[in-house]
Amino acid sequence: MEDVEALKHPRSKALETLVERGFVEQVSDAAAIDQALAEGMVTFYIGYDPTAPSLHVGNLVCIMAMRLLQRCGHRPIVLLGSGTARVGDPSGRSDTRKMLDEQTIDAQVQKISEHFGHFLQMGTGAPNDAVVVDNQSWLGELRYIEFLREIGVHFTVNRMIATKTYRERLDQELPLSFIEFNYQLFQAYDFLHLYRHHGCTMQLGGSDQWGNMISGVELIRRIGGGDHGPAYCLTFPLLTTADGRKMGKTQRGAIWLHAEQLSPFDYFQYWVSCDDADVRKLLLTFTDLPKDEIEELCRAEGAALRDVKRRLAYETTRMAHGEEAAHNAQQAAAQAFGGGDDWSAVPAVGVPADPIKLVDLVTHDAVRAFPSKRAARQRIESGAVRIDGEPRTDPNEELHPEEFPAEGLRLQAGKRCRFRVVIG
RNA sequence: CCGUGGGAAGCCCAGAGGUAGGGCAGCGGACUGUAAAUCCGCGGUGCUUGCACGUGCAGGUUCGACUCCUGCCCCACGGACCA
């Protein structure tokens, strides 16, 4: 009851903002969290296991939550889990993760860590600057017997197998390897470590992390020493689009936050072509715009919503890629979808040709407008492809470099894929 | 380890010797607003565009195999062992 009250009328700006922007799914002790956030700077952390080569939109909810709390004066710790990535989190998975080799993990950590600076304030000398830590530095030197004696004694297997992640595996009689069974202990230990060494009292994460997070809270209650008061955790809802799908996956692949994997232009396009029904939620979650302003913007109806989507796309692109890239992407989108002949701002992709067939052009690695040549032929024949505004329906048409100007040709493939292609 | 049933395109399922069919998702077109809805089309892959390869993997029988046979892998259920 107290929880409900604290969530409805939070005293802290931080919790109030999290709640009204839809970041809160479940909290360990809402009233206490609210009080802690109202009283002063809280140090909190979110862990990322470097199991993918880059961050993508699916990771962005957590990043935005950190950003938001930091702007309310609290201090984020980004925990890169290159130690826990060596173990493999079974949460939400029906099978064991593929074991990643050490080089892959280290390379991914390097790449991912660079990117948090785009979203979080770091290195300014302020007390709430974000810090990045890597749990390999403490997990890597653990000694097994000592770990079992200090940490393992506080976990009962009875309790562990009751948690959702493990229970699902056991109920379905799917294999649960011992290494995975250890994962929860390591994540709990991470929290304890950060509590002891960084005064970290709150862990945030996706809703699938609840079990792991609450086990850390309990571990701290038992042996944390209480120097920094009790520990808490808070989970975010899994964000889905209006048609019930996970954010950040499209036909052409994941929406990466790194420019080498997805151009700022394509990133911008992802946001601008979202469903009307998602605009408000996306603005609340992925931009810094004040809630009042968002409500005002979302009063737009019909075609006027396009402008709101452009704003959404601009804000999100600015955050991930910077002001200049966002500006360029916006200009490029205006050119590519504005009906004019000038596509100079649209990023050019180079395709070798001497000459090249239309079907090979649209399926070339740099373009990949269609998933296979077979599909490309069918789409071309049904009128999906235009060059410089003219429909081209012959997949075998040969395109000669000398027919096109040096600045490239304007390629439309389907309704949303548009490229400036320089062939030759 | 034994027995039974089953693996088919992103997902669900029909086909039980005659050359892979339906539903959903998806994609494309029209209409629009780079949205939704609706209508129409596509519906595994490759390429030399009418041909080749495609029903877990590898063989075999057959004019012809998703279908029958052998071996292997994986999944579900039941049993044995651990007890």
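Convention: sequence-line order gives letters A, B, ...; per-chain numbering from 1.
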Give a yes or no on whether a salt bridge exists between D34(A) and K8(A), defined as a side-chain N under 4.0 angstrom from a carboxylate O.
no
Let me spell it out: for each of C274(A) and C417(A), pick the nucleotide of RNA chain B with the closest heavy atom. Which residue's pick is nearer the 5' end?
C417(A)
Between A65(B) and G50(B), how far apart are the two P atoms, rounded to whole Å?
26 Å
Using the P atoms only, state how far C66(B) lies from U61(B), rounded to an integer number of Å.
16 Å
Ion pair E114(A)/K111(A), N-O distance below 4.0 Å
no
Write down the distance separating the P atoms in C1(B) and G54(B), rounded off to the nearest Å.
32 Å
Quantified in whole Å, what is the C1' atom distance between nucleotide G10(B) and nucleotide G44(B)?
11 Å
Expressed as a whole number of angstroms, how long is the span from K415(A):NZ to C31(B):C1'?
9 Å
Do you know which of Q108(A), H258(A), H115(A), E260(A) makes side-chain hydrogen bond (donor to acceptor under 3.5 Å, both in side chains) with S54(A)?
H258(A)
G26(B) P sits how many Å from D275(A) CG, rounded?
11 Å
Please walk me through it: do F155(A) and Y189(A) pass ring-ring contact (aromatic ring centres under 6.0 Å, His included)?
CA-CA 11 Å; F155(A) 286 77; Y189(A) 182 73; over 10 Å; no
Any S372(A) side-chain nitrogen or oxygen under 4.0 Å from OP1 or OP2 of G44(B)
no
d(CH2, W271(A); P, A35(B)) in whole Å:
17 Å
May I ask you to decide whether E315(A) forms a salt bridge with R318(A), counting only side-chain N to carboxylate O separations under 4.0 Å?
yes
Who pairs with C53(B) - Watson-Crick or G-U, where each distance is under 3.5 Å:
G44(B)
Both distances below 3.5 Å, Watson-Crick or wobble geometry, any strand: find the nucleotide opposite C24(B).
G10(B)
In whole Å, what separates the P atom of G41(B) from that of C47(B)?
28 Å
Any side-chain N or O of R306(A) less than 4.0 Å from the OP1 or OP2 oxygen of U34(B)?
yes
Given atom CZ of R368(A) and atom C1' of C27(B), what is their separation to the nearest angstrom?
17 Å
Out of C42(B), G33(B), A35(B), which has the shortest distance to the side chain of R379(A)?
C42(B)
Of the listed G33(B), G28(B), C47(B), the closest approach to the F370(A) side chain comes from G28(B)
Between G64(B) and C57(B) - C1' atom distance, rounded Å
23 Å
Counter-base of G78(B), judged by Watson-Crick or G-U geometry with both distances under 3.5 Å:
C2(B)
Of the listed nucleotides (G33(B), A30(B), U48(B)), which one gets closest to any side-chain atom of K309(A)?
G33(B)
When rounded to whole Å, the CD to P distance for the pair Q378(A) and C27(B) reads 15 Å
Using the C1' atoms only, state how far G43(B) lies from C11(B), rounded to an integer number of Å.
15 Å
Counting the atoms with a prime plus P, OP1 and OP2 as sugar-phosphate, which does A333(A) contact under 4.0 Å by heavy atoms, base, sugar-phosphate, or nothing?
base
Selection from U34(B), G46(B), C47(B) that lies nearest to any side-chain heavy atom of K373(A):
C47(B)
Would you classify A16(B) as syn or anti? Syn applies when the glycosidic angle is within 90° of 0.
syn
Take atom P in U67(B) and the same atom in G59(B), then report the distance between them in whole Å.
14 Å
The side chain of S382(A) is closest to which nucleotide in this list: U48(B), A35(B), G28(B)?
G28(B)
Please classify the nucleic acid contact of Q269(A) as base, sugar-phosphate, or nothing, using heavy-atom distances under 4.0 Å.
base
Interatomic distance, L312(A) CG vs A35(B) C1' [rounded to whole Å]:
13 Å
Test F370(A) against V359(A) for side chain to side chain contact (heavy atoms under 4.5 Å, CB included), laying out the working first.
CA-CA 10 Å; F370(A) 302 106; V359(A) 63; over 6 Å; no
Side-chain donor-acceptor contact under 3.5 Å, D89(A) with Q209(A):
yes
Closest-nucleotide ordering on RNA chain B, the 5'-leading residue of N396(A) and S273(A)
S273(A)
Whole-Å distance, L411(A) CG to G28(B) P, equals 13 Å
Starting at atom CD of E381(A), determine the distance to atom P of G28(B), rounded to an integer number of angstrom.
16 Å
Closest to the side chain of R416(A), out of G50(B), G33(B), A35(B), is A35(B)
